[in-house]
Amino acid sequence: MKSLHKLIIAVSIGVGATVSSCQKLNIPPTNIVTPDVIYSSEAGVKSFLATIYRNLPIEDFKYRPDGGEDVDVNGVHYSHPGFNPGNPWMNFYNSASVTGEEVGPYGGMEIGSGFGFWPYGDIRNVNTLIAELPKHVATLTQPTVNALLGEAHFLRAYYYFGMAKRYGGVPIIAVPQDPGAALSTLQVHRDKEEATWDFIGAELDLGFQMMPESSDAGRANKYVAAALKSRAMLYAACVAKYGSVNFVDGQARSSGLVGIPAAKAATYFKAAYDAAKLLEGHYSLYNANSDKVQNFADVFLKSGSPENIFIKQYSIANNTAHSWDATMSPRYMTANALSRSYPTLDLVQLWGNLQITNDDGTPKRFNNRAEIMQGLEPRLLATIYFPGAILRGLTFDMQRGIYPSFSGTAAAEVAKQPNSRSYILSGDTKTLYQGKQVIGFTGPWTGGDELTRTGFYVRKYVDYNKPQASVDLYRSEQPWIDLRYGEILLNRAEAAMELGNSADALTSINQIRERAGATLYASIDLDKVRKERRMELAFENQYYWDLKRWRIADVVLDRAHFKGLMPYYVFNENKYIFLAEPELFNREYTFQKQSYYEPIPGGEIGKNPNLLPNNPNY
């Protein structure tokens with residue numbers, strides 16, 4: 001079976017290469033494994049499915065929203081930029097670094113123009129599967145064929161979802177194209193955006209109807225289909241509602257290739273709500289630990305969690321392990337790696353302003369840096385490492401510098417030019433001031449990229465049980481949770497609010513807040529729902545798409561700069577103070593309105609001019 005698996009993987013890659021070199025979409029390969037090999041057993045079909053799963057546009061630890069590059073792994077070439085089927089380690093190329101959730105050395109990169117995701121090779125594999133499976137009922141049995149067909153419809157929906165949220169309307173190709181057909185037949189036109197989302201919804205309905213209630217980890221079942229539908233239909237609903245008031249005009253829009261009539265918004269919100277409700281009673285929030293901080297940290301680490309709906313797995317043995325622990329932790333806490341991603345104070349203050357100043361504006365004095373964490377919401381402490389927190393037996397030793405003495409207000413001090421401030425700084429962690437280390441072992445500093453420049457580190461998904469000696473590149477195996485029940489409750493709450501059902505929205509949000517250790521709400525509105533979503537789903541690659549579907553990215557990221565929390569030691573008082581200052585990269589973040597849609601890849605237009613008109617302003 002292992003050899004068969006390798007063979008099919010190689011064939012799948014050949015499929016993609018063949019398609020990308022043709023003048024049409026969805027052209028069959030010349031070297032495909034014959035159906036009798038794949039369809040002679042359920043195991044053969046599952047092996048074929050495995051390649052389709054592997055290429056799904058899941059935005060996981062390895063996802064690079066700027067595309068990255070093709071990679072060669074063990075002599076095999078992978079051409080799925082962005083979704084990284086190879087094994088890159090640069091976790092800090094993530095969408096959090098372009099939205100203000102965090103900053104890093106590559107923050108502020110332009111990702112709105114896309115990277116040419118065009119997965120018709122993968123879609124062809126699914127189309128072939130759907131066409132072939134009914135021919136093999138005698139070998140596979142009807143129930144097995146039905147279940148596998150449901151899985152195939154889910155996978156096809158996932159690929160189209162990955163394109164629809166980028167391009168709007170795309171060609172809907174639901175059968176393998178005949179390579180002998182006339183070129184005019186093969187060079188298909190784009191479908192309208194509304195039709196594309198409707199197709200995705202219908203595919204997920206088929207998946208829900210045909211798949212069983214449970215599945216092996218990493219594979220779909222009927223509730224996985226429903227969960228994805230709640231996400232996808234919420235996106236379509238927002239395109240209809242908010243895309244009708246904030247858009248760039250052009251021929252693609254006037255012809256419906258991008259944009260959905262506002263009148264359809266309620267229909268899609270209802271579809272999202274109904275899909276989310278289907279999961280009620282079948283999944284639940286992880287609540288195994290009465291310690292709220294530890295409990296939320298474990299949401300992302302415990303296998304068998306009742307919250308996990310659809311996960312992606314990694315393995316050191318199979319050369320698919322990722323590097324999250326190594327690149328989210330400072331070198332000080334790893335075997336030989338270093339961090340690159342630093343949460344912003346702006347994200348932290350979603351939970352409320354930190355109490356770092358007194359009523360008169362002077363900085364509050366702290367006996368130690370860990371005191372800053374007192375009274376904070378457990379979910380926040382489980383999402384972000386604060387100064388004074390502990391990981392692998394070591395303390396997050398954040399200290400930006402030393403003030404020999406400090407007087408005046410925090411605002412007046414931060415407003416000064418750097419050369420007029422009386423602090424002591426250093427470009428390394430070895431420099432001392434009267435025997436006291438100037439910079440903490442974990443930053444903040446500007447001497448390199450490997451220590452925090454905001455005063456925080458990412459905690460979500462970090463495996464605290466991993467011994468320091470084994471924290472290195474390509475050594476992390478915790479699964480990526482692509483769909484979890486926490487998101488489903490948020491989808492349901494948002495759809496409910498948009499439909500005027502605030503009571504249901506309040507119930508869903510308060511389930512999230514109870515688990516988070518937050519004060520429950522007595523009333524709810526849309527702003528609260530969106531804010532809860534940002535807090536609950538931080539660093540899960542959701543916020544970038546939320547900004548786009550709410551059509552507020554051009555407002556939120558309008559020459560935006562973000563802040564950090566800088567801890568200082570006041571020498572003559574033997575106390576610590578915290579100052580809110582611009583993050584030390586001082587990057588500027590922008591988002592052009594045209595980027596609500598990405599351009600149809602130029603290479604594809606060259607092969608098929610019928611894909612025109614391109615999206616507005618491209």
Side-chain angles (χ1 to χ4, degrees), residues 94 96 99-102 283-302 305-309 324 328-329 341-356 370-391 396 454-465 478 480-494 505-522 524-525 527-543 546 565:
N94 57 42
T99 59
E101 284 188 330
E102 68 179 36
Y283 294 86
S284 60
L285 296 178
Y286 180 84
N287 261 316
N289 196 324
S290 59
D291 181 328
K292 295 286 189 182
V293 176
Q294 192 60 57
N295 187 71
F296 195 72
D298 286 345
V299 166
F300 305 94
L301 299 171
K302 293 295 185 183
S305 165
E307 186 161 350
N308 293 352
I309 299 171
W324 188 259
M328 294 299 131
S329 305
S341 295
Y342 310 119
T344 63
L345 178 60
D346 306 76
L347 173 65
V348 170
Q349 289 184 330
L350 286 176
W351 279 264
N353 289 331
L354 297 174
Q355 300 303 306
I356 57 175
E371 286 182 355
I372 191 70
M373 293 186 284
Q374 291 182 0
L376 299 183
E377 184 192 288
R379 177 177 50 179
L380 171 58
L381 296 176
T383 302
I384 292 170
Y385 279 118
F386 276 66
I390 295 174
L391 173 63
F396 280 92
T454 64
F456 301 109
Y457 286 89
V458 174
R459 181 171 184 179
K460 182 174 283 188
Y461 270 118
V462 170
D463 186 354
Y464 58 88
N465 286 317
Q478 60 269 43
W480 175 263
I481 308 171
D482 187 53
L483 289 158
R484 65 181 176 95
Y485 193 61
E487 182 205 337
I488 304 309
L489 286 174
L490 291 162
N491 294 349
R492 175 173 170 170
E494 184 176 338
L506 179 62
T507 299
S508 297
I509 292 298
N510 274 342
Q511 285 185 60
I512 294 285
R513 291 183 65 79
E514 192 282 328
R515 193 269 295 277
T519 303
L520 302 189
Y521 284 137
I524 196 76
D525 56 39
D527 286 343
K528 287 180 178 175
V529 171
R530 290 184 174 184
K531 182 179 174 184
E532 198 71 28
R533 186 178 180 89
R534 291 187 62 188
M535 295 189 289
E536 176 74 14
L537 302 180
F539 310 125
E540 296 183 48
N541 289 334
Q542 295 268 5
Y543 183 47
D546 289 342
L565 180 72

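Keep in mind that the numbers below use all heavy atoms, side chains included, and drop hydrogens, waters and symmetry copies.
Nearest heavy-atom pair, Ser341 versus Val458, reported as atom, atom and distance to 0.1 Å: O-CG2, 4.2 Å. Listed here is the closest heavy atom pair of Glu377 and Ala518: OE1-CB, 3.2 Å. The nearest pair of heavy atoms linking Asn289 to Gln294 is ND2-CG, 3.6 Å. Of all non-hydrogen atoms in Ala96 and Phe539, the two that sit nearest each other are CB-CD2, 4.1 Å. For the residue pair Phe300 and Lys460, the shortest heavy atom distance occurs at CZ-CE, 3.5 Å. Annotation for Tyr461 and Ile481: closest pair OH-N, 2.8 Å, computed over non-hydrogen atoms.
For Glu536 and Arg484, the salt-bridge test passes: some basic side-chain N is under 4.0 Å from an acidic carboxylate O. In this structure, Lys292 pairs ionically with Glu514, as a charged nitrogen and a carboxylate oxygen lie closer than 4.0 Å. Between Glu540 and Arg533 there is no salt bridge, since none of the side-chain N atoms of the basic residue sits less than 4.0 Å from a carboxylate O of the acidic one.
A side chain to side chain contact (heavy atoms under 4.5 Å, CB included) with Lys531 is found for exactly one of Met535, Arg534, Lys528, namely Met535. Shown are Tyr464, Phe396, Tyr457, Phe456; of these, the ring pair (Phe, Tyr, Trp, His ring centres under 6.0 Å) with Tyr385 is made only by Phe396.
Using a 4.5 Å heavy-atom threshold, the side chains of Phe296 and Pro378 count as separate. At a threshold of 4.5 Å between non-hydrogen side-chain atoms, the residues Ser329 and Leu391 count as touching.
By the salt bridge (Lys or Arg N to Asp or Glu O under 4.0 Å) test, Arg459 pairs with no residue at all, sequence neighbours left out.
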Go through Val462 and Leu301 one step at a time and tell me if the side-chain contact (heavy atoms from CB on, under 4.5 Å) criterion holds. CA-CA 8 Å; Val462 170; Leu301 299 171; over 6 Å; no

Mind running side-chain contact (heavy atoms from CB on, under 4.5 Å) on Ile512 and Arg379 for me, showing each step along the way? CA-CA 10 Å; Ile512 294 285; Arg379 177 177 50 179; 3.5 Å; yes

Does the pair Glu307 and Arg515 meet the rule for a salt bridge (Lys or Arg N to Asp or Glu O under 4.0 Å), with working shown? CA-CA 12 Å; Glu307 186 161 350; Arg515 193 269 295 277; 2.7 Å; yes

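To the nearest 0.5 angstrom, Leu565 atom CG is 5.5 Å from Ile356 atom CD1.
Within a 6.0 Å sphere centred on CD of Gln349, other residues, nucleotides and ligands contribute more than 12 heavy atoms.
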